[in-house]
**Q** 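Would you mind keeping the following structure in view while I ask a few things?
These numbers come from the heavy atoms of this one structure, side chains and all, not from hydrogens, waters or symmetry mates. We name chains A, B, ... by the order of the sequence lines, and we start the count at 1 in each one.
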Number of protein chains: 2
Amino acid sequence: MYLYTEINISVNKASLYKGCLEPILLKLLKENGRMYGYEITQRVKELTAGELKITEGALYPLLHRLEAEGILEVEMENLGNRVRKYYSLTPTGKKEQAKAMIELEAFKNTLQLIFNPKLA
Amino acid sequence: MYLYTEINISVNKASLYKGCLEPILLKLLKENGRMYGYEITQRVKELTAGELKITEGALYPLLHRLEAEGILEVEMENLGNRVRKYYSLTPTGKKEQAKAMIELEAFKNTLQLIFNPKLA
DNA sequence: ATCAATACATAAGTAATTTAGGTATTTATT
DNA sequence: AATAAATACCTAAATTACTTATGTATTGAT
């Protein structure tokens with residue numbers, strides 16, 4: 001039986017963040033060397049003061065896909081009886097991360113052109 | 001028979017822009033008063049120097065949805081034998097536009113927190 | 001003891017697109 | 001004059017990136 005203690009009233013302004021999860025993940029791994037899934041969800045929540053909550057249903061499949069694509073590699077670590085999976089960027093992943101940052105810059109500039117045309 | 005003269009080699013960095021089309025549209029209509037579909041695709045291409053191309057398959061269904069939701073209203077105009085459909089914000093649409101801009105600001109700030117943590 | 005937090009996972013459903021067509025008129029090019 | 005390109009609308013199937021809703025199991029706090 002499940003008892004939910006936290007009621008999630010998050011609005012669905014979420015759609016703007018679509019497509020951002022992968023660059024966010026790559027950036028965090030670049031900064032931190034290696035991280036595990038749960039840690040990533042918590043770090044994003046901290047960094048954004050709760051504004052952005054990475055759902056596990058989005059994160060875990062992404063981690064698996066990027067591992068399959070050779071962008072991430074994984075190391076298992078045992079904590080007592082539990083397993084923790086640390087992910088880090090492969091050499092390919094580092095190139096991919098750099099590309100993602102360039103694309104993100106272009107994205108931000110493009111938004112600037114549309115939403116703040118005077119400053120451009 | 002169809003002969004394609006322009007070969008579209010657009011990469012699929014497109015995913016970052018997912019969820020941005022509606023705020024872009026609302027912003028353009030706020031700035032320009034009224035616009036028609038084809039004009040919107042061209043304006044965005046101009047504004048962004050070709051970086052962002054709004055596809056008609058995305059735009060027209062969105063215009064129809066927003067009209068059905070009472071966010072946009074439409075005026076038909078005849079050009080010779082052709083019809084042009086001008087869209088503009090309803091009063092509801094103006095409120096929606098303002099909300100979208102606030103959400104976009106929050107989005108940009110959140111990205112800042114993740115990608116430029118030092119400047120925040 | 002019980003609840004909350006930690007830590008992994010998958011699968012069905014949904015929304016915003018892309019891709020790939022389609023029709024028709026008007027303007028430019030050869 | 002004929003052809004191509006641009007203008008102007010449209011839709012529907014497929015894809016993508018998620019959300020929502022589950023599930024299991026361990027560990028730490030009250």
Side-chain angles (χ1 to χ4, degrees), chain A residues 1-25 35-46 52-69 74-87, chain B residues 1-26 35-46 52-69 74-87 100:
Chain A
M1 186 195 183
Y2 281 79
L3 293 174
Y4 294 92
T5 45
E6 194 192 343
I7 298 165
N8 198 344
I9 324 188
S10 76
V11 211
N12 71 335
K13 58 187 166 189
S15 63
L16 271 175
Y17 292 96
K18 245 174 211 178
C20 291
L21 180 54
E22 187 174 328
I24 287 172
L25 173 62
M35 299 180 84
Y36 57 98
Y38 186 76
E39 184 185 15
I40 292 162
T41 66
Q42 300 308 302
R43 185 66 56 85
V44 170
K45 218 194 288 182
E46 276 170 37
L52 183 55
K53 285 172 192 160
I54 303 302
T55 64
E56 299 182 322
L59 181 60
Y60 288 116
L62 176 62
L63 289 170
H64 301 159
R65 199 199 84 210
L66 293 178
E67 192 198 344
E69 288 174 357
V74 65
E75 291 169 279
M76 312 289 249
E77 250 173 59
N78 289 17
L79 301 92
N81 282 339
R82 222 186 324 194
V83 171
R84 195 182 268 174
K85 293 173 79 175
Y86 278 97
Y87 289 90
Chain B
M1 188 194 183
Y2 281 79
L3 294 173
Y4 294 93
T5 46
E6 192 193 343
I7 298 164
N8 197 344
I9 323 188
S10 78
V11 213
N12 72 335
K13 59 189 166 187
S15 62
L16 272 175
Y17 293 96
K18 244 170 212 183
C20 292
L21 180 54
E22 187 173 328
I24 288 172
L25 173 62
L26 296 178
M35 300 181 84
Y36 56 97
Y38 185 76
E39 184 186 13
I40 292 162
T41 66
Q42 301 308 302
R43 185 67 56 85
V44 170
K45 219 196 285 182
E46 276 169 38
L52 184 54
K53 285 169 191 160
I54 303 301
T55 63
E56 298 183 323
L59 180 61
Y60 287 115
L62 176 61
L63 289 170
H64 301 160
R65 198 198 86 211
L66 293 178
E67 192 198 342
E69 288 175 357
V74 65
E75 290 168 279
M76 312 290 248
E77 250 172 59
N78 289 16
L79 302 91
N81 283 337
R82 221 182 328 190
V83 172
R84 196 181 267 173
K85 294 173 78 175
Y86 279 98
Y87 290 89

**Q** With a non-hydrogen cut-off below 4.0 angstrom, is A:L21 in contact with a base, only sugar-phosphate, or nothing?
**A**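 Counting heavy atoms under 4.0 Å across all strands, the contact made by A:L21 is with sugar-phosphate only.
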**Q** Using OP1 and OP2 only, check whether a side-chain N or O of A:R84 sits under 4.0 Å from D:dT26.
**A**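 False: A:R84 side-chain N/O out of range (4.0 Å or more) of D:dT26 OP1/OP2.
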**Q** Between atom CD in A:E67 and atom P in C:dC8, what is the gap in whole Å?
**A**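 After rounding, the reported distance stands at 13 Å.
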**Q** Just N and O in the side chain of B:Y38: are any of them under 4.0 Å from OP1 or OP2 of D:dC9?
**A** no
**Q** Kindly point out which of D:dC9, D:dT7, C:dA7 is positioned nearest to the side chain of B:R82?
**A**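 So the side chain of B:R82 is nearest to D:dT7.
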**Q** State, with a plain yes or no, whether a side-chain heavy atom of B:Y87 is found less than 4.5 Å away from one of B:H64.
**A**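 Touching, per the 4.5 Å side-chain cut-off.
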**Q** Please figure out whether B:L63 or B:Q42 has its closest DNA chain D nucleotide nearer the 5' end.
**A**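 Between the two, 5'-proximity favours B:Q42.
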**Q** Hey, are the side chains of B:L25 and B:L66 touching, using non-hydrogen atoms and a 4.5 Å cut-off?
**A**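 In contact.
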**Q** Pick the closest DNA chain C nucleotide for A:V83 and for A:P61 by heavy atoms, then say which residue is nearer the 5' end.
**A** A:V83
**Q** Using whole Å, report how far CG of B:L16 lies from C1' of D:dC18.
**A**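 Distance, rounded to whole Å: 14 Å.
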**Q** Measure CE/B:M35 against C1'/D:dA8 and give the value in whole Å, please.
**A**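 Atom-to-atom, B:M35 to D:dA8, this comes out as 14 Å.
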**Q** Is B:K85 close enough to D:dC10 that one of its side-chain N or O atoms is under 4.0 Å from OP1 or OP2 there?
**A**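 It does, given that an N or O in the side chain of B:K85 lies less than 4.0 Å from OP1 or OP2 of D:dC10.
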**Q** A:E46 CD to C:dT6 C1': how many Å, rounded?
**A**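 After rounding, the reported distance stands at 14 Å.
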**Q** Whole Å only: how far is the CG atom of A:N81 from the C1' atom of C:dA7?
**A**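 Distance, rounded to whole Å: 13 Å.
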**Q** If each of A:G80 and A:G19 is mapped to the nucleotide of DNA chain D with the nearest heavy atom, which maps nearer the 5' terminus, i.e. the 5' end?
**A**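 Going by which nucleotide is closer to the 5' end, it is A:G19.
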**Q** Establish, with yes or no, whether the OP1 or OP2 oxygen of C:dA7 is under 4.0 angstrom from a side-chain nitrogen or oxygen of A:Y36.
**A**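 For C:dA7, OP1/OP2 do have a side-chain N/O of A:Y36 under 4.0 Å.
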**Q** Hey, does A:P23 have a side-chain heavy atom less than 4.5 Å from the side chain of B:L16?
**A**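 Yes - at least one pair of side-chain heavy atoms lies under 4.5 Å apart.
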**Q** Quick one: label A:E22 by what it contacts on the DNA or RNA (base, sugar-phosphate, nothing), any heavy atom closer than 4.0 Å.
**A** nothing
**Q** For B:Y17 and D:dA17, give me the distance from atom OH to atom P, rounded to whole Å.
**A** 16 Å
**Q** With a non-hydrogen cut-off below 4.0 angstrom, is A:G57 in contact with a base, only sugar-phosphate, or nothing?
**A** base
**Q** Has A:H64 got a side-chain N or O lying under 4.0 Å from the OP1 or OP2 atom of C:dC8?
**A** no
**Q** Would you indicate, yes or no, if C:dA16 has its OP1 or OP2 atom less than 4.0 angstrom from a side-chain nitrogen or oxygen of A:S15?
**A** no
**Q** Let me know the distance between CD1 of A:I24 and C1' of D:dC18, rounded to the nearest Å.
**A** 13 Å
**Q** Base, sugar-phosphate or nothing for A:E56? Non-hydrogen atoms, less than 4.0 Å.
**A**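 Counting heavy atoms under 4.0 Å across all strands, the contact made by A:E56 includes a base.
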**Q** Are the side chains of B:E39 and B:Y86 in contact, using a 4.5 Å heavy-atom criterion?
**A**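 Yes - at least one pair of side-chain heavy atoms lies under 4.5 Å apart.
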**Q** Rounded to the nearest 0.5 Å, what separation is found between the OH atom of A:Y36 and the CD atom of A:Q42?
**A** 8.5 Å
**Q** In whole angstrom, give the distance that lies between atom OH of B:Y86 and atom P of D:dT7.
**A** 14 Å
**Q** Evaluate B:K85 against B:E67 for salt bridge (Lys or Arg N to Asp or Glu O under 4.0 Å), listing each step before the verdict.
**A** CA-CA 12 Å; B:K85 294 173 78 175; B:E67 192 198 342; 5.3 Å; no
**Q** Side-chain N or O of B:Y60 less than 4.0 angstrom from OP1 or OP2 on D:dC10?
**A**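 For B:Y60, the contact criterion (side-chain N or O under 4.0 Å from OP1 or OP2 of D:dC10) is not met.
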**Q** For A:K18 and D:dT19, is the shortest distance between a side-chain N/O and OP1 or OP2 below 4.0 Å?
**A**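 No.
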